[in-house]
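Okay, so here's the structure we're looking at.
Numbers restart at 1 for each chain; the letters A, B, ... are given by sequence-line order, proteins then strands.
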2 protein chains.
Amino acid sequence: MGIIRKTKSLKRVLDTFQKSDAAISVVQLIDNMKHHMNKTTVYRILDRLKQEGIVHSFHGKDGLKWYAKCSDHSSHQNTDTHPHFHCNHCGAVECLPIDIQIPDIPNLQISSAEVILAGICSKCNP
Amino acid sequence: MGIIRKTKSLKRVLDTFQKSDAAISVVQLIDNMKHHMNKTTVYRILDRLKQEGIVHSFHGKDGLKWYAKCSDHSSHQNTDTHPHFHCNHCGAVECLPIDIQIPDIPNLQISSAEVILAGICSKCNP
DNA sequence: AAATTTAATGCAACTAAATTGCATTAGCAA
DNA sequence: TTGCTAATGCAATTTAGTTGCATTAAATTT
Ligand SMILES: [Mn+2]
Ligand SMILES: [Mn+2]
Ligand SMILES: [Zn+2]
Ligand SMILES: [Zn+2]
């Protein structure tokens, strides 16, 4: 595992994540890359980057897929349960560097959690 | 608001929710109803039931839409932030009657939260 | 009980996200 | 430079969800 060819396409996508902490939707990323690579390629690159632990994915408030860079400290591959905030006004999504406490539930073996918070972000706030 | 014709189709869908507390995916519900009504009708009935506060919706771990009956006590239309559990093994989804504490985040106005937990349910457990 | 009104439905066409198969290209190591 | 094969492009496909419009059937009125 871990065999990655550093193709131009991969570098370009990787760059997007390294330049900013912001999460990006697949739809948006495909659009950003449309003059440089095929959408199928974007999907496949995201798969690889995720497998390598370089990015993580989750679903935004509308069920669409988003990706964001894994921050250095939060690379606990499995137990990375930080929440995400989706702005209802501008549509931006950000990773929140906090820990949501998931209580133990009797009879349930919880192995992962997705927490998506929605509201108004700081930029859209008065 | 609240004008609802008690059509045969609506009664049939309503019955599904009243007979069980389990959540059901739209995909599954459409399949269950396929001999009795059109999928468009299912979508529209779900919209109405939700508007009436009879059911609530959320996204499962794969981003698909699920619905479940609103329990009598949890009909705080807005602040209903109970989590949902999605079994990785059998695919069942259940509403969890617990409260997840969402901490205040500086600069963010959080108005809703979706918490989806994944793992192994009691039936799939040893 | 018939006529009226219009919410609700069926259906086909459509949109959009995500996936797949296959021929071609380009990283990279020998 | 050559050879291997991971990676890509592209077109077709799948699937969730939506829309427009003609038709049907609840509910209300006569
Ligand atoms: Mn994140
Ligand atoms: Mn629920
Ligand atoms: Zn915003
Ligand atoms: Zn299960």
Between C:dT9 (P) and B:Asp47 (CG): distance, integer Å: 11 Å
B:Tyr43 OH - C:dC14 C1' separation (whole Å): 14 Å
Euclidean distance, atom CG of residue A:Asn38 to atom P of C:dA17 [Å, nearest integer]: 15 Å
Inter- and intrachain pairs under salt bridge (Lys or Arg N to Asp or Glu O under 4.0 Å), touching residues 57-66 of chain A, at least two apart: none
Touch class at under 4.0 angstrom, heavy-atom based, for B:His59 against every strand present: nothing
Using nucleotides 19-25 of chain D, report all nitrogen or oxygen pairs with the protein that are shorter than 3.5 Å.
residue, atom, partner, partner atom, Å
D:dT19, O4, B:Thr40, OG1, 3.4

A:His56 (side chain) donor-acceptor with A:Ala68 (main chain) under 3.5 angstrom: yes
Rounded distance in Å - NZ (A:Lys8) to P (C:dA26): 8 Å
Residues, nucleotides or ligands: over 12 heavy atoms within 6.0 Å of A:Asp21 CG: no
5′-ward residue of the pair B:Lys39/B:Thr7 relative to DNA chain D: B:Lys39
side-chain contact (heavy atoms from CB on, under 4.5 Å) against A:Lys11, all qualifying residues, sequence neighbours excluded: A:Lys6
Between C1' of D:dA7 and CG of A:Leu49, the distance in whole Å: 13 Å
Near-ring test B:His86/B:His59, centroid separation under 6.0 angstrom: no
Nucleotide nearest B:Arg48 (side chain, heavy atoms from C-beta), chosen from C:dT9, D:dA7, C:dA17: C:dT9
Co-members of B:Val93 in a cluster of I, L, V, M, F, W and Y side chains, linked at under 4.5 Å: B:Phe58, B:Trp66
Rounded distance (Å) that lies between atom C1' of C:dA18 and atom CD1 of A:Ile45: 16 Å
Side-chain donor or acceptor of A:Ser111 paired with backbone N/O of B:Ile120 under 3.5 Å: no
Separation of atom CG in A:Asp31 from atom P in C:dA17, rounded to whole Å: 10 Å
Hydrophobic cluster partners of A:Leu117 (side-chain heavy atoms under 4.5 Å): A:Phe85, A:Leu96, A:Ile98, A:Ile100, A:Ile102, A:Ile105, A:Leu108, A:Ile110, A:Val115, B:Phe85, B:Leu96, B:Ile98, B:Ile100, B:Ile102, B:Ile105, B:Leu108, B:Ile110, B:Val115, B:Leu117
Touch class at under 4.0 angstrom, heavy-atom based, for B:Ile30 against every strand present: nothing
Sub-4.0 Å heavy-atom contacts from residues 86-95 of chain B onto DNA chain C, ordered by number: none
Touch class at under 4.0 angstrom, heavy-atom based, for B:Leu64 against every strand present: sugar-phosphate
N/O donor-acceptor pair, side chain B:Lys65 with base D:dG17, under 3.5 angstrom: no
A:Asp15, CG: over 12 other non-hydrogen atoms inside 6.0 angstrom: yes
Integer-rounded Å distance: C:dT9 P and B:Arg12 CZ: 13 Å
